[in-house]
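Scroll down for the structure; my scribbles are underneath it.
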Amino acid sequence: MKFSKYLPILLILLCNSISGQRLVKTMNSGWEFQLENSETPETVNIPHTWNAEDAFQENAGYFRGKGIYKKQMTVPAAWEEQSVFLKFEGANQVTKLFINDNLAGEHTGGYTAFVFEISEFLKFGYTNEIRIEVDNSHDLDIPPLEADFNFYGGIYRDLELIITGKSHFNFEGEAAGNLIVKTPEVSKDKAKINFSGSLIHSEDSELKLQIEISDPSGKKVSEYEKEVETEEFSVDFNLNDPALWSPEDPTLYGLSAKLIDTDSGEVVDTYSTKFGCRWFKADPEKGFILNGKPIKLIGANRHQDFENMGNAVPNSIHRKDYQMIKDMGANFIRTAHYPQDPEVYRLCDELGLLVWTEIPVINDVTDSEAYHQNSVNMLREQVLQLYNHPSIVFWGYMNEIFIRLVFTGDMSEADKRAKIETSVKLAEKLEAETKKLDSSRLSVMALHENELYNTSGIADIPDVIGWNLYFGWYTQGLENLGKFLDQQHEKYPERPILISEYGPGSDSRIQTNDPKPWDFSEAYQLKSHVSYLNQVIARDYMIGMAAWNFADFGSSGRQDSRPFINQKGLVNFNREPKDIYHYYKARLVDEDLVYIAGRNFENRIIKKSEPVRIKVFANSENVQLSVDSKKELTSDVVDNIAEFNLNLTEGDHHLKAVSGNAEHFRNITVQFRENLLDNIANSPLLINTGSHSDFIDEETGEIWISDQEYSRSFGYVGGGTFQQSDNKFQGSASNIKLTTKEPLYQTMREGLDAYNINVPQGKYRISLLMTEPNRSASTKSIYNLGSDAQTTSEEARVFDIMINGKMVEKDLNLAAEYGILTAAELNYIVETKDNIEVQFKSSSGKPVLSGIRVEKL
Ligand code: GCB
């Protein structure tokens with residue numbers, strides 16, 4: 001065969017090219033994994049976390065401890081002439097690497113990369129055992145100490161094996177193999193570039209360093225070649241008329257470097273990176289200035305977890321998220337509350353998103369040398385690893401650092417002072433370290449709404465201040481936002497400020513035309529974001545704003561309308577957009593756009609006298625809406641919303657909205673409340689008692705309509721909407737056990753006398769949905785009331801229920817019989833001529849009713 005005579009040459013070429021290039025490959029697949037407390041190992045792939053499920057389970061307290069990963073690796077004999085490294089893009093939070101039972105490296109911190117050289121531990125030509133122990137136990141010396149998100153444990157980012165020649169670029173230290181490209185001077189005409197780093201020079205070779213810079217089109221624009229004399233290098237380049245990086249035009253330059261063995265000509269190691277040319281500043285009067293032009297930063301925060309995956313998400317999800325953020329028209333992202341996957345920053349460079357990245361020093365500080373040092377290490381790793389990304393403009397190092405202090409009731413004044421002192425000291429260290437490593441970017445910290453940040457002086461430390469502001473949610477009044485900002489601006493005129501977080505929780509299952517704070521409706525989320533956008537855009541001094549949060553995310557301590565999830569996302573945990581995502585799009589993108597709101601509100605069950613309220617998001621001056629291909633209505637667009645009040649008949653209707661060149665369709669169904677009982681033979685009457693919102697059952701599509709007072713047809717008699725005393729939430733913001741329809745049970749009518757339903761003659765099943773909302777309610781049954789009941793501080797809630805005069809529950813104590821915050825559904829069969837009257841009579845405390853279903857049998 002002709003081919004065979006070339007085979008040796010081919011092999012030589014192949015071996016050369018393998019040994020000549022840096023080889024990088026993932027080591028993600030096929031690990032044996034075992035938690036320290038489990039008996040049996042399982043096989044897993046990286047990215048991996050052991051908390052994807054248990055962080056979302058009842059009585060959370062997800063597992064925080066040690067997980068052990070093992071793998072056999074056959075190491076070719078030829079690698080003895082190479083250097084071998086393992087690179088972790090991230091593992092939460094303390095990692096120990098053992099090669100053949102020898103400790104090869106140890107790292108603290110869950111959100112940055114680290115590299116261990118393993119050459120000296122390997123048996124070349126043999127099978128080697130790799131064991132990795134990762135521990136996410138709570139540790140008072142490691143940030144974050146506590147926060148409103150889950151600290152999922154595991155090797156949750158890619159793991160790479162890297163093979164280079166004996167001489168190679170340096171992997172040691174916090175940069176984890178990153179070599180630094182600086183752009184110390186950039187203008188329209190000229191950019192100065194500096195490339196620096198260090199290398200390991202094996203004794204027996206002469207080396208040269210070759211560097212090439214390519215422009216955004218890939219064309220070589222500059223090069224450098226020199227014998228290596230020292231292990232440190234620093235090379236300057238000049239570019240004329242540089243292409244400037246910006247969100248509209250994210251142009252990237254390339255830099256590639258080679259280490260070449262001078263004698264053999266062999267490339268022993270390579271390194272490549274992208275960088276961009278831009279300049280910027282934060283002006284306390286004019287806001288953010290990029291390449292000489294003001295730009296209002298508008299975008300979102302983003303957590304890194306995803307439904308059913310925890311933090312162990314593949315790069316494809318990072319890509320999807322950032323593409324969605326860009327498509328929304330955002331130009332800004334805060335990677336709250338920690339450095340994210342390396343892929344994230346590559347994406348932000350490429351897509352054109354300005355970035356605030358931060359280290360996870362959140363809520364509280366430990367006054368220990370180790371905590372301070374770990375914080376500094378995290379900061380150094382963040383800056384040195386991410387330095388080259390032109391998208392990054394802010395280095396953040398603290399979030400709401402006094403919140404634990406403010407909310408801890410029993411802290412002594414001396415302890416408070418000590419806490420403030422150590423926090424300020426740490427901030428000073430972190431600021432100094434940031435500036436030492438990178439004086440070209442802006443330092444920033446995020447504060448919660450409290451004057452302590454000003455009085456303690458901590459807010460004077462960074463270049464820029466971000467306020468996390470929840471007016472209209474945690475504190476009263478959306479309109480108070482502007483007042484607060486103006487006061488701050490007036491008091492601290494030299495301080496550039498932005499809003500680093502804002503936004504209410506929302507749940508696609510909760511729909512209303514009458515939104516209220518804390519109702520978790522999509523409508524309130526819209527109302528709140530419109531108001532924030534208007535108030536910030538009207539103020540030139542504001543640098544910008546970042547919504548909290550791009551997506552719903554896991555937080556095991558939370559009990560909102562979906563337990564264990566923070567629901568302030570513009571999109572759901574699975575990234576399905578909520579209405580508000582489309583609103584931002586209409587508000588921020590340039591091309592024609594129109595969207596009929598209410599993807600989860602297509603069934604409108606309204607009073608005959610009420611119009612059907614339709615909101616259309618658009619970015620032109622007006623919107624044309626046609627209904628059933630006939631009526632054509634026009635409405636002006638105000639704040640990117642056109643509103644239509646339609647008088648429609650019962651049944652299905654087809655809506656078409658047109659704005660500029662864009663169109664959007666939605667089918668809606670209208671039913672009149674007055675007719676529901678006439679139709680009860682076909683569909684049960686479902687009422688979300690005690691709530692002004694409709695609740696949509698995701699499993700069945702059934703709609704539990706908002707409550708109404710009885711005049712005729714159906715409704716409550718007496719009582720009020722239940723309001724938790726220590727909480728702004730309408731109803732009880734608590735996980736309700738034994739149901740997935742939490743909001744239905746969370747809201748309730750309390751102290752009612754009766755519920756009337758004027759049904760036609762027949763036989764019915766009445767279901768009463770109830771829960772005891774009071775966490776400390778007495779669970780003593782009525783039969784024990786008396787001497788021992790008096791010893792409990794809480795009054796027992798005990799009541800009778802009668803249906804059409806017949807006692808169906810005597811002395812019902814929900815807490816005693818079904819448990820506190822537990823869903824109870826009580827069903828009764830009733831035959832009647834024309835009416836169902838459910839009466840409630842209290843013996844102690846107020847009766848409650850969360851929902852009522854009337855079904856004709
Ligand atoms: C904040 C925190 C963030 C929380 C958010 C919230 O201010 O910085 O971590 O998730 O509020 O939803 O309460």
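As the structure lists them, so they are numbered: ligands from 1, and atoms in each ligand from 1.
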Shortest non-hydrogen contact from Arg441 to Leu386?
NH2-O, 4.5 Å
Closest non-hydrogen protein atom to atom 10 (O) of ligand 1, residue and atom name please, with distance?
Asp148 OD2, 2.6 Å
List every atom of ligand 1 that sits less than 4.0 Å from any heavy atom of Tyr474, numbering the atoms from 1 in the order shown and giving each element.
6 (C), 12 (O), 13 (O)
With heavy atoms and a 4.0 Å threshold, my read on which part of Asn399 contacts ligand 1 is side chain
So is Arg558 in contact with ligand 1, going by heavy-atom distances below 4.0 Å?
yes
Closest heavy-atom pair, Ser561 versus Asp507, reported as atoms and distance to 0.1 Å, is OG-OD2, 2.6 Å
With His529 as partner, the option from Trp473, Tyr583, Tyr502 fulfilling ring pair (Phe, Tyr, Trp, His ring centres under 6.0 Å) is Tyr502
Does a side chain donor of either Asn399 or Asn468 reach within less than 3.5 Å of an acceptor in the other side chain?
yes
Side chain to side chain, Phe332 and Met545, heavy atoms closer than 4.5 Å
no
Atoms of ligand 1 under 4.0 Å from any heavy atom of Asn468, numbered from 1 in the order shown, are 7 (O), 8 (O)
Contact atoms of ligand 1, heavy-atom distance to Glu400 under 4.0 Å
1 (C), 2 (C), 7 (O), 8 (O)
Of the protein's non-hydrogen atoms, which lies at the shortest distance from atom 9 (O) of ligand 1, and what is that distance?
His337 NE2, 2.6 Å
Can you list the atoms of ligand 1 that are under 4.0 Å from a heavy atom of Asn566?
6 (C), 10 (O), 12 (O)
Any donor-acceptor N or O pair under 3.5 Å, side chains His448, Tyr453
yes
Atom 12 (O) of ligand 1 [closest protein heavy-atom partner, distance rounded to 0.1 Å]:
Lys568 NZ, 2.5 Å
Asn150 (side chain) donor-acceptor with Tyr152 (main chain) under 3.5 angstrom:
no
Heavy atom of the protein closest to atom 2 (C) of ligand 1 (residue, atom name, distance):
Glu501 OE1, 3.2 Å
Have a look at ligand 1 and work out which part of Tyr502, if any, has a heavy atom under 4.0 Å from it: side chain, backbone, both or neither.
neither
Heavy-atom contact under 4.0 Å between Tyr470 and ligand 1?
yes
I'd like to know if His448 contacts ligand 1, where contact means a heavy-atom distance under 4.0 Å to any ligand atom.
no
Side chains of Ser555 and Asn566: do they bring a donor and an acceptor to under 3.5 Å?
no
Taking the six-membered ring for Trp, are Trp467 and Phe484 parallel (under 30°), tilted (30 to 60°) or perpendicular (over 60°)?
perpendicular
So the atoms of ligand 1 within less than 4.0 Å of a heavy atom of Phe553 turn out to be 10 (O)
